[in-house]
K.L.:
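Have a look at this one.
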Amino acid sequence: MLPVPHRVARVRRETADTFTLDLVPIGPAPAEHGFLPGQFNMLYAFGVGEVAISISGDPAERGVLRHTTRIVGTVTQALGRLERGSVLGVRGPFGNAWPVEEAEGHDVVLVAGGIGLAPLRPVLYRIMARRPLYGRVVLAYGTRTPADILYRSELARWRSRPDLEMLVTVDRAVGAWPGKVGVVPALIRRAPFDPTATIAMVCGPEVMMRFSVEQLRTRGVPPERIHLSMERNMKCAVALCGHCQYGPAFVCKDGPVFRFDRIERLFNQPEI
Amino acid sequence: METLERILAEHPFLQGLDQSYVALLVGCASNVVFRAEEQLFREGTPANQFFIIRHGDVAVELHVPGRGALTIDTVHEGEVLGWSWLVPPYRWSFSARALTLTRAIAFDGACLRAKCEENHDLGYELLRRFSTVMAERLQSTRLQLMDLYGSGR
């Protein structure tokens, strides 16, 4: 699994500490450049290191890989310094996928916190491309402040669609923010979906996911219909090094998406 | 025509409340409308009311010197606003401002406190409902304080 050199075709600054890179392969494209919603790539900033980043683009779009990254450490800082034309290495895609096909015929509730919106964006692309196959579709998204909202223009477009219920909240706001202030679980409390026929996909900080799961279960969504994307320190991405071990599973290979009933025992234990 | 009694009985906050209690509450309730940007109440002033929101959005704010009004929560259709009327010294801890045209039912706090004193079963029912809302808001506040989406540094 050698990194394939890619060139940065575009850099989009999403917020003060988050950016999206559009990457295209240098030379002939790898045989299969597709990915499934929920999968990730290992991005290699030459001379600095590798980091696992979810793919956040449209799975139907071929030839370009989109990655939204938040600057949190040395490697993401290096990625944040890349400009149009820069070169980096890409390994992947790795990991399993969100249950997009399984959700057909159901209401779908996507619950995202902060940068957790990025791995869920491909799900939304795919669902909206085949919208009649699904019941009600809800996106419940929470972030820190109005300035931290990702994909602003895209969210505005989606908001205008009558077949998507988009609920956005921020932890705090000053000034002219006309939207909701509060936490994501509070959005779930009143979101319009039928809990008995819903598949929920949740991605964000673990504490946010814990309270969101609690709220989904209070509403009556069964644990086997709740799916979470777990985040652990990934190194090899092919289940050899053990860095991302999560109980008996490896997040890089068996995840990152897990059905809640299968990890419930681990999920509520600290330091696993 | 929709009667006040029916509106109260159907509001999520009061749903399932015994009809006799709803009839008692009606005596303390009135329909109110606030235009966008209109103030429902201001921090530090006497808290004589609480509101159940029928339609619209309300920002709960705290004035921070030098930073202006900081919105700490928003309250929406189907939710309840204000519990300072329940707790001495009966003064609003925060301000509330309508973000959009807001229709609500306002309850006279003194009137309700008197009814709760006379009828402890009604008082228990109301406190039970308010304590659920308070617990939810406390949990939300704690999560907000954790700054989950911050850098953690």
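Residue numbering restarts at 1 for every chain, and letters A, B, ... go by the order of the sequence lines. Everything numeric in this text was worked out from a predicted model, so none of it was measured.
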K.L.:
Using non-hydrogen atoms and a 4.5 Å limit, figure out which bit of E214(A) sits close to chain B: side chain, backbone, both or neither.
P.N.:
side chain
K.L.:
What option among M208(A), E206(A), R189(A) has the most heavy-atom pairs under 4.5 Å with chain B?
P.N.:
R189(A)
K.L.:
So for E61(B), is it side chain, backbone, both, or neither that comes closer than 4.5 Å to the heavy atoms of chain A?
P.N.:
neither
K.L.:
Can we say K235(A) and E50(A) salt-bridge, meaning some charged N sits less than 4.0 Å from an Asp/Glu carboxylate O?
P.N.:
no
K.L.:
Which class fits the ring pair F13(B) and F130(B): parallel under 30°, tilted 30 to 60°, perpendicular over 60°?
P.N.:
perpendicular
K.L.:
Tabulate, in ascending numerical order, the residues of residues 155-169 of chain A having at least one heavy atom closer than 4.5 Å to a heavy atom of chain B, or enter 'none'.
P.N.:
none
K.L.:
Heavy-atom pairs under 4.5 Å with chain A: which of L99(B), D73(B), T100(B) has the most?
P.N.:
D73(B)
K.L.:
Please work out which of the three classes, parallel, tilted or perpendicular, describes the rings of W85(B) and F50(B), given edges at 30° and 60°.
P.N.:
parallel
K.L.:
Among R67(B), Q139(B), E77(B), single out the residue with the greatest number of heavy-atom pairs under 4.5 Å to chain A.
P.N.:
Q139(B)
K.L.:
Would you name the heavy atoms of E5(B) and A23(B) that are closest together and state the gap between them?
P.N.:
OE2-CB, 4.0 Å
K.L.:
Check D147(B) with R144(A), please: is the shortest side-chain N to carboxylate O separation under 4.0 Å?
P.N.:
yes
K.L.:
Under a 4.5 Å heavy-atom cut-off, does chain B meet the side chain of R172(A), its backbone, both or neither?
P.N.:
both
K.L.:
Could you check which of E79(B), E136(B), M146(B) has the highest count of heavy-atom pairs closer than 4.5 Å to chain A?
P.N.:
E136(B)
K.L.:
Give the member of T71(B), V60(B), L145(B), T141(B) that has the highest number of heavy-atom pairs under 4.5 Å with chain A.
P.N.:
T71(B)
K.L.:
For L148(B), is it the side chain, the backbone, both or neither that has a heavy atom under 4.5 Å from a heavy atom of chain A?
P.N.:
both
K.L.:
Can you confirm whether more than 12 heavy atoms, excluding those of Y90(B), are under 6.0 Å from its OH atom?
P.N.:
yes
K.L.:
Counting neighbours of CZ on R142(B) that are heavy atoms of other residues, nucleotides or ligands and sit closer than 6.0 Å, is the number greater than 12?
P.N.:
no
K.L.:
Has E231(A) got more than 12 heavy atoms of other residues, nucleotides or ligands less than 6.0 Å from its CD?
P.N.:
no
K.L.:
Taking atom types as modelled, find out whether D57(B) and H76(B) have a side-chain donor-acceptor pair closer than 3.5 angstrom.
P.N.:
yes
K.L.:
Does CZ belonging to R152(A) count more than 12 external heavy atoms closer than 6.0 Å?
P.N.:
yes
